[in-house]
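Report on the following structure.
FYI, the numbering just counts along the sequence from 1.
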Amino acid sequence: MTGENFFDRETELRLLRQRIEDGNHVSLTGQRRMGKTSVARELGRRLEEEGWVFLFADIEGASSPEDVIVEFAKEVKRVQPLVKRFASGLGRWLDGRIEELSALDFSVKVRAALDAANWRRHGENLFADCADYERPVFLVVDELPIFLNRIQKGDDGLRRVDEFLSWFRQVLQEDHPRGSLVVMVSGSIGLRPLLERLGIPDRINHLDPFRLGPWSKRDSEDCFRRLAEGYAIQMDEAVPGAVYDWLGIGIPQHVQSFFARLRDHSIKTGGARLTVADVDHVYRNELLGPSGQNDLVHYETRLKDGLDEANFLLAMEILAEAAIVGAFSLPAQRCLAADYERIVDEVRVRIVNTLEVLVHDGYLAESDGDYRFPSLLLRDWWAARFRGHHVPLRDRPRAGR
């Protein structure tokens, strides 16, 4: 949501805007469904009102550095002086009237001109053109971690990730006027945990980390009330608080999804006024029902995207334990290591690394050695997913017991 439909985040937007205007490149982090993309787009919209050029490149589908340069070029195409300078370097591939090409035709032609030998040069030229433009440029690179994770799974993956990130750092540190081109990267899987696992976390030291946290209880309730007012829905005073209590944490997308299901429930039942009983019913039967669980499959999919096969297996055990038992404890950690030490290499190290990812990405929070779900919705969904076949780690038979 942007513009008039954008809710709250004024403090975060003010802080981010200051960093961008100061010329600092930023890594925007935060757990799933926290609204990182919405914040990035709203920040770009506001900067555009002040004369900036705003470019938003989603590289989730990219499979190579060449594909990434294409996504950058597609965004630049909207700025005619910039795209003409870029096109002049591609020779016969873009010979002609660039403005007459559709976005698809433009992308096809640019991709045909790029290969493993020249993508760096053309990418450097594109960034240099942006930095030299008469107006400051704000570029958001969305889903960078997914792109890096995809190429690291291929042949010579670590070298390719290192090569791309080293190039990316170099072009952002070129000697351009400060603030002429500022980049913000974000993604739905953790960038730093991925690079720490690969042993190259220093490749993003030039990016200023900014973590987007959840809404407070008050902000969550205010958003819910504003949504209800927008749809002229009447409700009891206690309804917004009941919604937050069921969710346990103010994840923006979850608040909005809960409202949408309550709105649909009100229409189906013909209820004149939402009540706390409606909240309870919708949570149990809609959010935790088959359709609601389909919404939350995203969490499992993104987790699988960010971990290798062995760590994903451990993550599913950890999350099931935390959901069914209530916490993943230190004794449970020792039991899990014992169960998998013969089938997973370096299992203890892998458990620690997996827990770091789960905490970074907001699945779990740590307190005194125990790990619990901050989101009650995620906890209850995971419990429903595994209740029928997860045996608590302490109850599993082991040799010598």
Set out, in order, the CA-CA distance, both residues' side-chain angles and the distance that settles side chain to side chain contact (heavy atoms under 4.5 Å, CB included) for Leu16 and Leu28, then state yes or no. CA-CA 9 Å; Leu16 278 170; Leu28 182 63; 4.2 Å; yes

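- Between Leu274 and Ser266, the shortest heavy-atom contact is CD2-CB, 4.0 Å.
- Arg261 has its side chain within reach of Leu287: a pair of non-hydrogen atoms, C-beta onward, lies under 4.5 Å apart.
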Evaluation steps, side chain to side chain contact (heavy atoms under 4.5 Å, CB included), between Leu303 and Leu319: CA-CA 11 Å; Leu303 188 61; Leu319 293 172; 3.7 Å; yes

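- A salt bridge between Glu42 and Arg46 is present, with a side-chain N of the basic residue lying under 4.0 Å from a carboxylate O of the acidic one.
- Taking the side chain as every heavy atom from C-beta outward, Ile233 and Phe259 approach each other to under 4.5 Å.
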Anything under 3.5 Å between a donor and an acceptor, one on a side chain of residues 348-358, the other on a protein residue two or more places apart or in another chain? List them.
from	atom 1	to	atom 2	distance (Å)
Arg350	NE	Asp345	O	3.0
Arg350	NH1	Asp308	OD1	3.2
Arg350	NH1	Asp308	OD2	3.1
Arg350	NH1	Asn311	OD1	2.6
Asn353	ND2	Val349	O	3.4
Thr354	OG1	Arg350	O	2.7

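- Remark: side-chain polar atoms of Ser166 are not paired, donor with acceptor, to backbone N or O of Glu163 under 3.5 angstrom.
- In this structure, Ser27 contributes its side chain and Pro209 its backbone to no donor-acceptor pair below 3.5 Å.
- By the 30° and 60° cut-offs, the orientation of the rings of Phe72 relative to Phe168 is parallel.
- For Asp22 and Arg19, the salt-bridge test fails: no basic side-chain N is under 4.0 Å from an acidic carboxylate O.
- Ion pairing of Glu229 with Arg225 is absent here, as no side-chain N (NZ or NE/NH1/NH2) approaches a carboxylate O to less than 4.0 Å.
- Using modelled atom types, one side-chain atom of Glu366 and one backbone atom of Gly369 make a donor-acceptor pair closer than 3.5 Å.
- With hydrogens and angles disregarded, no donor-acceptor distance shorter than 3.5 Å links the side chain of His25 to the backbone of Leu207.
- With salt bridges taken as basic N to acidic carboxylate O contacts below 4.0 Å, one links Glu71 and Lys74.
- Distance alone, capped at 3.5 Å, places no donor-acceptor pair between the Arg150 side chain and the Ser64 backbone.
- Take Trp246 and apply the side-chain hydrogen bond (donor to acceptor under 3.5 Å, both in side chains) test, not counting sequence neighbours, and it matches Asp280.
- By the 6.0 Å contact criterion, CG on Asp156 is enclosed, its count of non-hydrogen atoms from other residues, nucleotides or ligands being greater than 12.
- Surrounding CD of Glu237 are at most 12 heavy atoms belonging to other residues, nucleotides or ligands under 6.0 Å away.
- Scanning both residues, Ser375 and Ile251, for their nearest heavy atoms gives CB-CD1, 4.3 Å.
- A donor-acceptor contact shorter than 3.5 Å is absent between the side chain of Arg211 and the backbone of Thr29.
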Could you list the donor-acceptor pairs under 3.5 angstrom formed by side chains in residues 104-118, with sequence neighbours left out?
from	atom 1	to	atom 2	distance (Å)
Asp105	OD2	Ser102	OG	3.3
Ser107	OG	Ala103	O	2.9
Arg111	NE	Asp67	OD1	2.9
Arg111	NH1	Leu114	O	3.2
Asp115	OD1	Ala117	N	2.9
Asp115	OD1	Asn118	N	3.0
Asn118	OD1	Asp115	N	2.8
Asn118	ND2	Ala113	O	3.0

With side chain to side chain contact (heavy atoms under 4.5 Å, CB included) as the criterion, how do Val53 and Tyr133 come out once you've worked through the C-alpha distance, each side chain's angles and the decisive distance to 0.1 Å? CA-CA 9 Å; Val53 173; Tyr133 192 52; 3.7 Å; yes

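- In this structure, the ring of Phe224 has its center no less than 6.0 angstrom from the ring center of Tyr244.
- Checked for salt-bridge contact, Arg218 and Glu221 miss the test: no charged N lies under 4.0 Å from a carboxylate O.
- Scanning all heavy atoms of the two residues, the minimum distance from Pro240 to Met235 falls at CG-CE, 3.7 Å.
- In the displayed structure, Arg284 atom CZ is contacted under 6.0 Å by at most 12 heavy atoms of other residues, nucleotides or ligands.
- Residues Leu307 and Lys153 approach most closely at O-NZ, 4.4 Å, considering heavy atoms.
- Residues Phe164 and Leu144 form a side-chain contact, since some pair of their non-hydrogen atoms from C-beta on lies under 4.5 Å apart.
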Side chain to side chain contact (heavy atoms under 4.5 Å, CB included) between Glu124 and Glu174: does it pass, once the steps are laid out? CA-CA 10 Å; Glu124 289 164 9; Glu174 290 290 338; over 6 Å; no

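- For the ring pair (Phe, Tyr, Trp, His ring centres under 6.0 Å) condition, the pairs that include at least one residue of residues 333-366, sequence neighbours left out, are Tyr299-Tyr363.
- A side-chain donor-acceptor contact under 3.5 Å links Glu75 to the backbone of Phe56.
- Evaluation of the ring pair (Phe, Tyr, Trp, His ring centres under 6.0 Å) rule for His265 yields His281 as partners, not counting sequence neighbours.
- Using a 4.5 Å heavy-atom cutoff, the side chains of Glu21 and Leu47 are in contact.
- A tilted orientation is assigned to the rings of Phe373 and Trp382, their planes being inclined by 30° to 60°.
- Salt-bridge formation is not detected for the pair Glu309/Lys304: no Lys NZ or Arg NE/NH1/NH2 atom is positioned less than 4.0 Å from an Asp or Glu carboxylate oxygen.
- The local environment of CD in Glu346 is sparse, with at most 12 non-hydrogen atoms from other residues, nucleotides or ligands closer than 6.0 Å.
- Residue-environment remark: CG (Asn205) exceeds the threshold of 12 foreign heavy atoms within 6.0 Å.
- Residues Glu321 and Arg396 are not paired through a salt bridge, judged by the lack of any N-O separation under 4.0 Å between the basic side chain and the carboxylate.
- For Pro145 against Ser186, the heavy-atom pair with the smallest separation is CD-O, 3.5 Å.
- Note on ring orientation: taking the six-membered ring where Trp is involved, the planes of Trp119 and Trp167 are perpendicular (angle over 60°, cut-offs 30° and 60°).
- Sequence neighbours left out, the pairs with a member in residues 267-276 that pass side-chain hydrogen bond (donor to acceptor under 3.5 Å, both in side chains) are Asp236-Arg273, Thr275-Asp278.
- Heavy atoms only, all atoms of each residue included: Phe86 and His122 are closest at CE1-O, 3.9 Å.
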